[in-house]
K.L.:
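Below you'll find the structure I mean.
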Amino acid sequence: MEPSNRTAVSEFILKGFSGYPALEHLLFPLCSAMYLVTLLGNTAIVAVSMLDARLHTPMYFFLGNLSILDICYTSTFVPLMLVHLLSSRKTISFTGCAVQMCLSLSTGSTECLLLAIMAYDRYLAICQPLRYPVLMSHRLCLMLAGASWVLCLLKSVTETVIAMKLPFCGHHVIRHFTCEILAVLKLACGDTSVSDAFLLVGAILLLPVPLTLICLSYMLILATILRVPSATGRRKAFSTCSAHLAVVLLFYSTIIFMYMKPKSKEARISDQVFTVLYAVVTPMLNPIIYSLRNKEVKEAARKVWGGRWACR
């Protein structure tokens, strides 16, 4: 009788960058600094959007959700990755690997949907300004955000269960620095067609479909902006979208490279470097982009922190 994969594999070894010690020594301070900036920057965005009443709008509600997602996503693997960069023992338990895989899939998938929702919000704000408060009500905001979180969690739990139930036949060395599902599936010695099918459907639903909706929203937004008679009005309308557009380009360009490229049998160091870019750099840049490109956020931050110093 074939032993179950839980009996055969109780823990995995995350090989990561272990074959490149010089790269590990370089990545530890770099990733530590980026993770700290990610935590501080995104926490500041959430705090400011909650504390300043002027930011109690759908746009900043979704921005706060995006910041929470970035904190959750990076926290699923960066702390353990930092420990492994300094340690010779780079292991993770079977259950820990499954939890890490599920949470990273869920938060990453939710961000795909949330970026599309944010584009739709900008479309309503610019193209339907008079009806915007009615069309994008607080209740609808809660429903859209909640549905994104819940649906992506259910999808990710399903993908994780299917992947982790596969037999691994004692193979336990993951050629990655995290329990990334594609890297784990390469260890399976059974039929992965069901898991591959689920991942393909998920990739189509969460990459081309939301990206198409985002492009359509911005085409309509651009058409509306070009009809604005004054140059000042056009600049103001575009400034409300430029930060979100920059985040979309950064996010989708890296994730499409990772998940839509042809699969290879052997993991390459370039794949892991791009994963670091997607997983660490993008969440760090999001609050910076929104802070630099948004006067309301900067003014709210000055007001909040200025008020705190005045109280002291």
Side-chain angles (χ1 to χ4, degrees), residues 42 45-46 48-50 52-70 109-152 204-256 282 285-301:
N42 285 290
I45 291 288
V46 174
V48 167
S49 63
M50 291 178 63
D52 195 308
R54 293 176 301 174
L55 302 186
H56 292 175
T57 63
M59 175 180 172
Y60 295 104
F61 170 77
F62 293 127
L63 178 57
N65 271 263
L66 181 65
S67 294
I68 293 172
L69 274 172
D70 287 337
S109 300
T110 305
E111 188 157 344
C112 291
L113 294 183
L114 189 62
L115 289 173
I117 293 170
M118 293 173 74
Y120 176 66
D121 171 68
R122 291 299 82 207
Y123 158 73
L124 291 179
I126 294 174
C127 300
Q128 304 285 340
L130 298 180
R131 300 176 60 202
Y132 176 67
V134 177
L135 294 174
M136 189 58 74
S137 63
H138 182 63
R139 180 184 178 186
L140 180 60
C141 291
L142 291 174
M143 289 176 61
L144 289 173
S148 299
W149 284 84
V150 173
L151 291 176
C152 289
I204 293 172
L205 292 177
L206 293 172
L207 291 176
V209 173
L211 188 57
T212 300
L213 294 176
I214 291 171
C215 292
L216 179 60
S217 296
Y218 274 104
M219 286 173 61
L220 295 173
I221 288 171
L222 181 61
T224 302
I225 290 176
L226 292 177
R227 289 198 298 267
V228 175
S230 67
T232 303
R234 288 194 295 269
R235 281 196 300 270
K236 184 178 179 181
F238 184 74
S239 67
T240 64
C241 304
S242 57
H244 176 257
L245 192 56
V247 169
V248 166
L249 291 173
L250 180 63
F251 178 82
Y252 272 99
S253 60
T254 51
I255 198 173
I256 286 175
T282 303
L285 291 179
N286 286 351
I288 297 174
I289 292 171
Y290 274 100
S291 298
L292 291 177
R293 299 293 303 172
N294 195 303
K295 292 181 179 179
E296 290 179 327
V297 172
K298 289 188 284 188
E299 291 174 0

K.L.:
Which residue pairs pass the side chain to side chain donor-acceptor pair (under 3.5 Å) test when at least one of the two sits in residues 211-225, sequence neighbours left out?
P.N.:
Y218-H244

K.L.:
Report yes or no: does Y252 contribute a side-chain atom to a donor-acceptor pair with the main-chain N or O of P208 at less than 3.5 Å?
P.N.:
no

K.L.:
If I take atom OH from residue Y60 and atom CG from residue D121, how far apart are they, to the nearest 0.5 angstrom?
P.N.:
10.5 Å

K.L.:
C152 and L113: which non-hydrogen atoms are nearest, and at how many Å?
P.N.:
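Residues C152 and L113, closest heavy atoms: SG-CD1, 3.5 Å.
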
K.L.:
Pairs of donor and acceptor atoms involving the side chains of residues 62-69, under 3.5 Å and at least two apart or interchain, shall be tabulated with distances.
P.N.:
{"residue": "N65", "atom": "OD1", "partner": "W149", "partner atom": "NE1", "Å": "3.1"}
{"residue": "N65", "atom": "ND2", "partner": "F61", "partner atom": "O", "Å": "3.0"}
{"residue": "S67", "atom": "OG", "partner": "N42", "partner atom": "OD1", "Å": "3.3"}
{"residue": "S67", "atom": "OG", "partner": "L63", "partner atom": "O", "Å": "3.3"}

K.L.:
Say you draw a straight line from CG of N286 to CD1 of I45; how long is it, rounded to the nearest 0.5 Å?
P.N.:
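Separation between the atoms: 9.5 Å.
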
K.L.:
Heavy atoms only: give me the nearest L205-V209 pair and the separation to one decimal.
P.N.:
O-CB, 3.6 Å

K.L.:
Under 3.5 Å, which donor-acceptor pairs do the side chains of residues 134-141 form with other protein atoms, sequence neighbours left out?
P.N.:
{"residue": "S137", "atom": "OG", "partner": "L140", "partner atom": "N", "Å": "3.3"}

K.L.:
Work out which heavy atom in S148 is nearest to a heavy atom in I117; give both atom names and the distance.
P.N.:
OG-CD1, 3.2 Å

K.L.:
Where is the tightest heavy-atom contact between I126 and C241, given as atom of each residue plus distance?
P.N.:
CD1-SG, 3.2 Å

K.L.:
State the CD1-SG distance between I225 and C127, to the nearest 0.5 angstrom.
P.N.:
8.0 Å

K.L.:
Roughly how far, to the nearest 0.5 Å, is CG of L249 from CG of L115?
P.N.:
10.5 Å

K.L.:
So how far is it from C112 SG to I214 CD1, rounded to the nearest 0.5 Å?
P.N.:
8.5 Å

K.L.:
Return the minimal non-hydrogen interatomic distance between L285 and L250, and the atom names on each side.
P.N.:
CD1-CD2, 3.6 Å

K.L.:
So D70 and E111, do their side chains get closer than 4.5 Å, heavy atoms only?
P.N.:
yes

